[in-house]
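Chain letters run A, B, ... following the sequence lines, proteins first and then strands; every chain starts at 1.
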Protein chains: 2
Amino acid sequence: MKMTTKGRYGLRAMVELARYYEKEEFISLKSISQKQGIPENYLERLLAKLRKASLVETHRGTQGGYRISRSPEEINVYDILFAVGEAIYLVECTNNKSLCHMQDYCPSNVVWSKMAQQIEDVAKKTYLDELI
Amino acid sequence: MKMTTKGRYGLRAMVELARYYEKEEFISLKSISQKQGIPENYLERLLAKLRKASLVETHRGTQGGYRISRSPEEINVYDILFAVGEAIYLVECTNNKSLCHMQDYCPSNVVWSKMAQQIEDVAKKTYLDELI
DNA sequence: CCTATACCCAATTGAATTAGTAGGGAATTA
DNA sequence: TAATTCCCTACTAATTCAATTGGGTATAGG
């Protein structure tokens, strides 16, 4: 039961960017990648998703880069996980009933759903500003 | 972020066995495997682990099989997950500090640990008898 | 205008883990 | 002694995740 790099790298990148929120300057991919020890091209794709979700904004050319598009107080971990496509469920069939071989009631699912709900709650309650 | 089959199959098997607790009869691997739609040989290995953790007991020969070794009220989901080797953590470095490239304090880890703790809590609070 | 910077994007490969299979062995019952 | 059923290890297949490659486009500054 493990979070993928999408979620891990995604959060780390956002924490990194959140640190520069006040300065309003753009941070280059290269810089984030080096500071956080994340492969450049791989991180790039995550940042692309974060951009599409309007969590970061970008600027090209010299002095360009990425910066957080809202105050860290307004971005929570759930937003980030959702943006990068890190799904919050422990078993497939919680989301997709057709995958379950049980007709009516699945006892196990009660547990997995409850766990997923807890994770989601933590994600939604934790804002970036608490992490910097 | 997904639970592996170890945890999923393991719990399902235990729920199945818990249903027969009163009867005290042994249920064959084949029967569990068929009812739950889990590959026989694969399930066998999980049951072996559950046996080693003293959660189930076995008997060979005709009319042999597996049965739960304690009352369902005394077995929680955590016991099962632990027994089958389903680790409860979302990122490696929560358990193994040496894997983390941060020297002192890792902001992200705060989140992942909190989530893992929540999962553990649910697992420890949920007993088999609630699921049958 | 031209060049360096730095984001943008798709396709492919590589690596690791998980899931499942095969097959021989040993205990128990009838 | 034969049928049943657990016991155990090694191997293979499948899937998913992680990372790489490489070419494209916008912007700033000289």
### Query
For A:E40 and B:T4, take the nucleotide of DNA chain C holding the closest heavy atom to each; which residue's nucleotide lies nearer the 5' end?
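This one resolves to A:E40.
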
#### Entry: Whichever of A:Q63 and A:R45 has its nearest DNA chain C nucleotide further upstream toward 5'
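Nearer the 5' end of the strand: A:Q63.
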
Could you check how far [atom1] of [X] sits from [atom2] of [N], rounded to whole Å?
X: B:F26; N: D:dC6; atom1: CZ; atom2: P; answer: 10 Å
X: A:R60; N: D:dG24; atom1: CZ; atom2: P; answer: 14 Å
X: A:M3; N: D:dC17; atom1: CE; atom2: P; answer: 12 Å
X: A:R51; N: D:dA26; atom1: CZ; atom2: P; answer: 13 Å
X: B:I32; N: D:dT5; atom1: CD1; atom2: P; answer: 12 Å
X: B:Y42; N: D:dC11; atom1: OH; atom2: P; answer: 19 Å
X: A:L46; N: D:dT20; atom1: CG; atom2: P; answer: 13 Å
X: B:K2; N: D:dA14; atom1: NZ; atom2: C1'; answer: 12 Å

### Message
Rounded at 0.5 Å granularity, tell me how far CG in B:L11 sits from CD in B:E86.
### Response
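It comes to 11.0 Å.
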
### Task
Any chance you could measure A:I32, atom CD1, to A:M14, atom CE, to the nearest 0.5 Å?
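It is 10.0 Å, given to the nearest 0.5 Å.
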
Presence of salt bridge, [Y] and [X], under 4.0 angstrom:
X: A:R51; Y: A:E57; value: no
X: B:E92; Y: A:K2; value: yes
X: A:R12; Y: A:E16; value: no

### Task
Select base, sugar-phosphate, or nothing to describe what A:I27 touches, counting heavy atoms under 4.0 Å on all strands.
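Sugar-phosphate, backbone atoms only, no base.
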
### Query
Can you find a donor-acceptor pair, distance only, under 3.5 Å between B:E44 side chain and D:dC7 base?
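Yes.
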
### Message
Counting only side-chain nitrogens and oxygens, does B:T62 get under 4.0 Å of the OP1 or OP2 atom of D:dA3?
### Response
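Checking D:dA3 against B:T62, no side-chain N or O comes under 4.0 Å of OP1 or OP2.
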
### Message
For a quick test of reading the model: is some side-chain N or O of B:Y66 closer than 4.0 Å to OP1 or OP2 of D:dT5?
### Response
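No.
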
### Query
Would a hydrophobic clustering, with Ile, Leu, Val, Met, Phe, Trp and Tyr connected at side-chain separations under 4.5 Å, put B:F26 with B:L46?
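As far as the 4.5 Å side-chain criterion goes, B:L46 and B:F26 are not connected within one cluster.
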
#### Entry: Aromatic centroids of B:Y42 and B:Y9 separated by under 6.0 Å
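Yes - the distance between ring centres of B:Y9 and B:Y42 falls below the 6.0 Å cut-off.
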
### Task
Extract, from 5' to 3' on DNA chain C, the first and final nucleotides lying under 4.0 angstrom from some heavy atom of chain A.
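Nucleotide range with atoms under 4.0 Å of chain A: C:dT5 to C:dC9.
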
